[in-house]
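Every chain is numbered from 1, with letters handed out A, B, ... down the list of sequences. Values reported hereafter were calculated over all heavy atoms of this structure, with side chains retained and with hydrogens, waters and symmetry mates removed.
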Number of protein chains: 2
Amino acid sequence: MLLQSIRVVLVNTSHPGNIGGAARAMRNMGLSRLYLVAPEDFPSSEAVARASGATDILDNAQVVATLEEALVGCTLALGTSARDRRIPWPLLDPRECAATCLEQVGQGAEVALVFGREYAGLTNEELQRCQFHVHIPSDPSFSSLNLAAAVQVLVYEVRMAWLAAEGVPSKQEKLETTAMLNSQPATMDELELFYGHLESTLVEIGFLDPEKPRHLMSRLRRLYGRGGISKLEMNILRGILTETQKAARGEAHTRRKR
Amino acid sequence: MLLQSIRVVLVNTSHPGNIGGAARAMRNMGLSRLYLVAPEDFPSSEAVARASGATDILDNAQVVATLEEALVGCTLALGTSARDRRIPWPLLDPRECAATCLEQVGQGAEVALVFGREYAGLTNEELQRCQFHVHIPSDPSFSSLNLAAAVQVLVYEVRMAWLAAEGVPSKQEKLETTAMLNSQPATMDELELFYGHLESTLVEIGFLDPEKPRHLMSRLRRLYGRGGISKLEMNILRGILTETQKAARGEAHTRRKR
């Protein structure tokens with residue numbers, strides 16, 4: 001499976017909680033292969049706690065001594081980096097990074113996403129082992145993300161690219177299926193019957209003056225027209241109008257008696 | 001600045017570390033307004049530690065008792081949710097969520113991103129206060145993200161959308177502005193007053209049985225929430241309800257006389 005060809009490499013991590021958080025983020029997004037280059041504290045109960053169930057990833061994590069070992073078998077490595085480096089280098093944002101990963105693994109390649117130390121990041125030497133640098137576009141005045149959060153952003157983008165490649169329904173499709181679930185949209189003629197019923201009811205309760213209708217009905221048509229009304233919703237609205245008329249007739253009756 | 005009109009609302013958070021992590025993620029992505037609904041442990045040194053310098057956001061966080069208070073002044077609320085819910089609802093992925101937020105704040109609106117409890121998420125009642133639900137497309141076999149990680153994903157997408165849109169007003173924005181016909185959108189608190197008024201009126205006219213409400217109010221919330229209601233339209237709807245109640249009281253009066 002494509003996502004299994006993408007490994008996450010954490011270099012010289014000092015806080016085991018971040019290793020656990022990274023494992024959880026990977027598992028959430030369907031990735032499983034974690035490489036730890038000279039972690040300061042691993043295995044660790046703190047890592048297990050933060051992984052919150054993603055222990056299979058921690059148990060299967062490859063602990064190695066150097067970045068080179070972590071990259072064995074990979075044809076592409078992408079290293080996370082702050083934006084301004086002295087050496088010019090192909091720089092991708094997380095979305096471009098994900099597209100590049102999917103393109104490569106689609107051709108049967110192995111790819112590595114490489115993350116540096118909590119405070120110092122990756123050294124220039126380590127960054128030069130990566131064909132591409134990846135920068136998460138953060139606020140320049142507060143640019144350093146938590147390590148597990150940075151892993152979350154990149155593996156999230158990888159999953160989004162993978163889902164897009166698999167083909168998922170568009171926003172509009174989703175809105176329609178959810179909005180219309182167990183109910184067909186109301187037809188134009190049903191809508192007209194509703195607007196007629198609404199208008200006569202508004203007259204009956206004394207809210208709409210047929211002599212001075214102003215823009216009331218057109219405003220209401222725009223309001224109800226905008227959302228797209230289902231047959232089910234139409235039945236509810238018609239039912240409300242019917243009950244309202246019964247109430248109004250009750251009052252009209254009382255008035256006549258006064 | 002647009003990003004300042006987007007607030008992050010954390011409901012009933014149990015681990016202060018997640019509050020700190022969320023604050024750091026917000027600061028990294030240029031957001032600043034944090035609302036905490038009944039946090040279990042705040043202020044907290046653990047929150048400060050995980051915020052790793054984003055203490056301004058913790059210091060300025062608004063601590064409130066209810067979700068309603070956290071949404072005062074907002075015209076749009078998007079609630080994070082697991083995918084399968086009994087009541088269908090417009091469901092967005094994080095990218096669609098970010099696009100929707102930017103469209104709204106581009107029109108001067110206030111928007112809320114609402115996150116639930118670490119283990120239980122948001123209640124159905126809380127989710128019904130949100131016009132849209134947002135689902136982070138995670139692996140179904142391990143779908144629950146860490147709270148701070150979920151905040152990171154959504155605010156990252158908000159920043160990506162903001163960077164893409166910066167300065168340039170989209171077609172969608174112009175379409176929606178005309179749809180709002182130079183009238184401000186109703187705020188969440190105005191909407192809640194309307195739903196309350198609607199519910200009591202439906203009970204008064206005998207359409208809604210408080211003993212057996214079924215899904216009536218949630219269906220109506222979905223219907224009215226979908227289109228986006230302007231203040232002008234809200235006044236019209238409230239006026240209709242007031243007239244309906246007068247009529248209903250007339251009928252009730254007659255009934256008592258029989």
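Heavy atoms only, all atoms of each residue included: B:Ala248 and A:Ala247 are closest at CA-CB, 3.7 Å. Heavy atoms only, all atoms of each residue included: B:Glu233 and A:Arg219 are closest at OE2-O, 4.3 Å.
Two residues are said to be in side-chain contact when any heavy atoms from C-beta on lie closer than 4.5 Å; B:Ser138 and A:Arg27 fail this criterion. Considering only heavy atoms from C-beta on, B:Leu202 stays 4.5 Å or farther from A:Glu243 through its side chain. At least one side-chain heavy atom of B:Ile205 sits under 4.5 Å from a side-chain heavy atom of A:Ile240. Counting heavy atoms from C-beta outward, A:Gln152 and B:Leu145 have side chains that approach closer than 4.5 Å. Within the 4.5 Å cutoff, the side chain of B:Ile236 has heavy atoms near those of the A:Phe207 side chain.
Both the backbone and the side chain of B:Thr244 come within less than 4.5 Å of a heavy atom in chain A. Of the atoms belonging to B:Ala51, it is backbone heavy atoms, and not side-chain ones, that fall under 4.5 Å from chain A. Proximity to chain A involves both the backbone and the side chain of B:Ser144, based on heavy atoms less than 4.5 angstrom apart. There is no contact between B:Ala25 and chain A, counting heavy-atom distances below 4.5 Å.
Note on A:Gly17, A:Ser52, A:Gly239: by heavy-atom pairs under 4.5 Å with chain B, the leading option is A:Gly239. Per-residue heavy-atom pair counts under 4.5 Å with chain B were compared for A:Ala54, A:Gly21, A:Gly206, and the maximum is reached by A:Ala54. Considering only heavy-atom pairs separated by less than 4.5 Å from chain A, the leading option among B:Pro94, B:Ala148, B:Pro140 is B:Pro94. Per-residue counts of heavy-atom pairs under 4.5 Å with chain B were compared for A:Asn28, A:Asn146, A:Asp139, A:Val151; the largest is that of A:Asn28.
Judged by distance alone, with hydrogens and angles left aside, the side-chain atoms of B:Arg95 form no donor-acceptor pair with the main-chain N or O of A:Met160 at under 3.5 Å. A donor-acceptor pair under 3.5 Å is formed between the side chain of B:Arg159 and the backbone N or O of A:Pro137.
One finds the CG atom of A:Leu220 at 6.5 Å from the CG atom of B:Leu237 (value rounded to the nearest 0.5 Å).
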